[in-house]
Structures are given as structure tokens and as C-alpha cells.
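Following: one structure in C-alpha cells, then a few remarks.
When a residue number appears, it is its place in the shown sequence, counting from 1.
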Amino acid sequence: MTAPNTTPIPELFVSYDSAAKLKLEAAELPSWDLTARQVCDLELLMNGGFNPLKGFLSEADYDGVVENMRTADGALWPIPITLDVSEKFAEGIAPGQDIALRDAEGVILAILSITDKWVPNKSREAEKVFGADDLAHPAVNYLHNVAGPVYLGGPITGIQQPIHYDYRSRRDTPNEMRAFFRKMGWRKIVAFQTRNPLHRAHQELTFRAAKEAQANLLIHPVVGMTKPGDVDHFTRVRCYEAVLDKYPSSTTALSLLPLAMRMAGPREAVWHGLIRRNHGVTHFIVGRDHAGPGKNSAGEDFYGPYDAQELFRAHEDEIGVTMVDFKHMVYVQERAQYEPADEIEDGVTVLNISGTELRRRLAEGLDIPEWFSFPEVVKELRRTKPPRAQQGFTVFLTGLSGSGKSTIANALMVKLMELGGRPVTLLDGDVVRKHLSSELGFSKEHRDINIKRIGYVASEITKNGGIALCAPIAPYTATRRAVREMIEAYGAFVEVHVATSLEECERRDRKGLYKLAREGKIKEFTGISDPYEAPETPELRVDTEGQEVDNCAQQVILKLEQLGLIN
């Protein structure tokens, strides 16, 4: 495991001439528009990053991977790579058929020759792959609330790679990476996996890891999908480039990996090792709680701190990559340097800033000391994440019809406009229905589409530094979570549950809607014939019963002030 494998990895692309011909033929096939995650998976299938997979898993391969991390022929593979589709699309196709796989712009990237079509047991997949069927895990939430209900499997014929307009010189396929190592004469390469900006502790850790392994260093960050709320990859790559000159130039390389992470902890570590083997590396740094998603519904970590290292070590020979233990680095004030935490004697002053503390300092515009991070990195982070009082944000009021959401939102809009500094937009449920969603009915599917449209508009307002006030009923937890994730990529999401009782809402009923619903004249009416899933942990809960509107709006203002969103 000390010398890199220089043999080219198998790719699933056809020749240029064949691709041109296949593209014409594929235009006549049924086609599936890939999700962002599926585009990432397809790219790594086609370029050999997911070798030995030849396409999306068959049902037998899927069962083996879920149960014991092995495909049907016994190859080690810990994460299911499946093409999930809607029931409607699945109805029209069958095994033995070919379909075209297109990106969001409609460009045909590949052809899938379908061998299998099945409805998976998603709860079993969650338990086995992620360790718990718990919606607090972002990948489990994706599995149940975003991914399609039907899986398709079969081999892929690659026509063209997904088009990337960003950082093209930094995007290397496995074979391009292997050719680079061969050209540079690098025989030992230690890879560092990251989805976060690099600070001084990371620089010291990676430098030490390469030195101990007597290896060159590949900084190999993920620029596909990471955990919701992570720093966007454009900012992160600017941060990586800013610290590259802190490393010896001839011994370190930076390359971007278009992986859609699952945050699967131990299984993910093994997966990352296999992917890096395909890229030609010999050593891989496995971190403490590697690729962990944080806390579960009970407030405990999903995985033990060293579970990932133990599983990787158990399969190290088969992975074909040597694990390098991640050492927790802390700053020793007396010696003005970073050292491994387990090597520090008693009596010295240890300084450390957690990720939570870093985010707080950025949000409040506080000083970030140079011993913690490089000024160039802090500058980039401040450009993307200005203090909270200068960022855009969304206030999302949810509650039953007649609860007072729109009235509070209107009062809140006036108060925020009085404060000034940022444009304020009100996205009221009825107004949105009229201008954005006039063609939609009130089925669960249509309600979800309507709320996601509101979320999309609010995310654009937030991204551009404005304030979005949303006041839909939004009865479903999963849809509200999807909107939260959409918006939190750009700024704060403040969920306000207007918790007025059903009895009070029915008593107010100015439009007579509850009466019609009770008589059965309005179908699927929230609170009567359709459920309202009340938020469990909103940022704020208000009850308008017996309270003035002005007082309710003032409670929201105080919460925004407490969160640092307004001064």
C-alpha cells in the first residue's frame, strides 16, 4: 500500500464519435432530469471515481450494500448509489428499456440501461446505512422526504461529463489525478478530505500527517452537496487557494471532488477511502467523528468519535489505502504553536475556538485571532458571511387559517420598514396563490409545490440581503424543513408558530371556510379534514388569542433583536 497504482481506472464514457451518434439516438428515449445529487453520483460513476460500479446499483447489489457493505459479487462498497425516480415516471418504464439521463438544462449526459425497478424499504436503508431511522440525520430526511419512492438500476453509458464553469483547472478526474502524480514523480500521497474552510489547525494537521507518512499532500475538498448550512463551495475554494502558499509548493496539490456527501460517519469514511484509492492516493486522513452529521433527535451524536477510524482500519487492506489518524490540534499559548492535544503536559495554556464559536464571532462581527485562522481566510468568510445585522433573512409565520399570520406579518413589515436598512417583502399565502400558484389546487402535492415556491422566492430575497416575510399555512413539517434548508444556505430562517387554537380560528372564520369544511363542501381543509403538523422547535411561538396584533409583532421584533438580525 505504499506505491500508487498508475494503471488507468476504467471510465464509462464512449468515444467522441460514438457519443455524437448516441446523443441523437438518446433524444428519442424517455428521459429523466437528474437531481443535483444524482448529477454528482453520475459524474463519479462515469469518470471512475466510483469504480468498480458500472452504473446505478441493481436490486441485488443494493440489498448487499445495505446489509453488509458488499455488492452481489462481494466487492466492498458501503453506500447505495441508486437512481430514485417518481412513481409517475416509473409507471411508464420497465427493465430492458433504455432511458436518457439529462442535467437541469436538458443536456443528455448518459444512457441508463434499466435492469431493475423496485420500491425499497427506506426505513431499513436508514437503519443499516446511517445507523438510525431518524429524520434529524440530513441523509435520512433526504431519503424519506426528497428522494423518489422507486429505484432504477442498471449499467451506464457515459456520453459527456456534467459541465462546470467554475474552477475548471482544479477539477481532476481519477485518471487525470493519477497522471499528475506520475508526472510529478509522487509515490506516496496522503489525501485530506474536507467540507469546511482550512484554518491554522488544519494546516498544521495536514502538514504533520504528510511529514509523518513521508508523503506528498493532496487537499481534496468536496464541492458537490455537503451538509445543509455549510459554507458554499465557492467561498471554501477561495479559502483553500488563499492558504495554498502556506505549504511547500512542490509537495502539495489542491483538487476538487464533485461528491454528494451522505454524512454517513463510519460507512462514509470507508467510501471516501475507496474514492481516493481510485484517484491514486496511498494514504488518507480519517478524522474524529469523520463525516458525522451532528446530533440525533435525542441530542446525542449519531456516531462515536472513533467509529469511523475503527471501521476503516478493519477494511484497510481491502480499501488499498493506509489510514492516517486525525490528531486533534490545539494552540499552546506559551509556545505559540499548534500541538496534538494528547501530547500536551499539564500546566500549559491551551486555546481553542469551536465551530460554533467561530460562527458566533462571524455573525456578530467580532475579532477572530490570527493564532486561530489566516487573515486571508477570515477575509473571505467575512465577504460571504457579513455580521447578521447586515445579512438578509426570512421570517416564516405558520399556523391555521385564521390564526392571525397575515395580520402579524403586515404589522411586522411596517415595523421593519420603519427601522430601514434592508428592503422588506411580504409573501402572504393568498397573494402568492394569486400571482405565483394560481393553477394549483389544495392537494398535499400542490400545497407542497406552493410552499416550496414561496421558499424559493424567499431564499432569493435572503441571498440578496433583503428581508422576506412569509405567512402561509404550511401544514407539513417536511416541507417547512425543505424551505428552511433552502433559505439557510444564504441567511437566517426564523420560524414563528402562530399557535392560535382551532376553536378560536373557527370562531373568527370571517370567510366562512371552516363552516364549508365542516359541511364537507371544501375537501382537504387544514385542521378539519387534513392535518396541521405543529412545529416542535420554532424560533418563536405566539398565540394571538387575547393579544393585540402590535404586541405579537413586537414579540417577533424582540426575537430578531435577540438573534442579532436587527439592531
Side-chain angles (χ1 to χ4, degrees), residues 35 37-38 40-41 57 59 61-71 76-82 84 118-151 193 195-196 222 224-230 259-275 286-315 326 354-356 476-485 488 495 533-538:
T35 64
R37 185 162 104 171
Q38 290 167 351
C40 290
D41 287 350
L57 296 182
E59 187 173 6
D61 285 332
Y62 165 82
D63 287 337
V65 167
V66 168
E67 288 297 329
N68 57 25
M69 303 202 308
R70 294 192 181 276
T71 58
L76 179 68
W77 195 264
I79 300 291
I81 305 299
T82 51
D84 57 277
W118 74 101
V119 175
N121 180 339
K122 291 187 174 184
S123 292
R124 173 173 149 270
E125 182 179 336
E127 287 282 355
K128 290 287 187 177
V129 178
F130 305 108
D133 191 11
D134 183 342
L135 291 176
H137 194 299
V140 175
N141 178 62
Y142 186 97
L143 188 65
H144 286 301
N145 294 318
V146 181
V150 182
Y151 286 179
Q193 148 85 27
R195 45 173 254 273
N196 294 309
V222 170
M225 297 170 71
T226 58
K227 186 181 172 186
D230 279 352
L259 179 71
M261 289 182 70
R262 272 47 166 194
M263 309 304 297
R267 282 195 180 218
E268 183 115 2
V270 172
W271 191 40
H272 290 171
L274 292 167
I275 293 165
V286 178
R288 187 179 182 276
D289 192 25
H290 186 98
K295 305 291 184 186
N296 62 18
S297 295
E300 298 166 356
D301 289 337
F302 270 96
Y303 311 114
Y306 302 107
D307 289 356
Q309 292 181 357
E310 287 169 14
L311 191 66
F312 194 104
R313 192 175 283 113
H315 294 90
F326 181 104
S354 67
T356 304
Y476 308 121
T477 302
T479 316
R480 294 195 301 266
R481 176 169 174 162
V483 169
R484 177 184 287 273
E485 289 180 0
E488 284 187 337
E495 185 176 50
E533 299 169 2
E536 291 183 12
T537 54

* Charged N to carboxylate O below 4.0 Å: is that the case for Arg262 and Asp41? -> yes

* **NZ/NE/NH1/NH2 to OD/OE distance under 4.0 Å, Asp134 and Lys295** => no

In the structure I gave you, are the side-chain heavy atoms of [X] and [Y] within less than 4.5 Å of one another anywhere?
{"X": "Leu135", "Y": "Thr477", "value": "no"}
{"X": "Ile79", "Y": "Val65", "value": "no"}
{"X": "Glu125", "Y": "Tyr151", "value": "yes"}
{"X": "Tyr142", "Y": "Thr35", "value": "yes"}
{"X": "Leu274", "Y": "Pro78", "value": "yes"}
{"X": "His272", "Y": "Leu259", "value": "yes"}
{"X": "Met261", "Y": "Gln193", "value": "yes"}

Any donor and acceptor pair, going by atom type alone, linking the side chain of [X] with main-chain N or O of [Y] inside 3.5 Å?
{"X": "Asp301", "Y": "Tyr303", "result": "no"}
{"X": "His137", "Y": "Met263", "result": "yes"}
{"X": "Asp289", "Y": "Pro305", "result": "no"}
{"X": "Lys128", "Y": "Val66", "result": "no"}
{"X": "Trp271", "Y": "Gly273", "result": "no"}
{"X": "Arg480", "Y": "Glu533", "result": "yes"}

* salt bridge (Lys or Arg N to Asp or Glu O under 4.0 Å) between Asp63 and Arg124, intermediate numbers included -> CA-CA 10 Å; Asp63 287 337; Arg124 173 173 149 270; 3.6 Å; yes

* With sequence neighbours excluded, give me every side chain to side chain donor-acceptor pair (under 3.5 Å) pair touching residues 304-315. => Arg313-Asp325

* Asked: Under the salt bridge (Lys or Arg N to Asp or Glu O under 4.0 Å) test, which residues partner Asp133, sequence neighbours left out?
  -> none

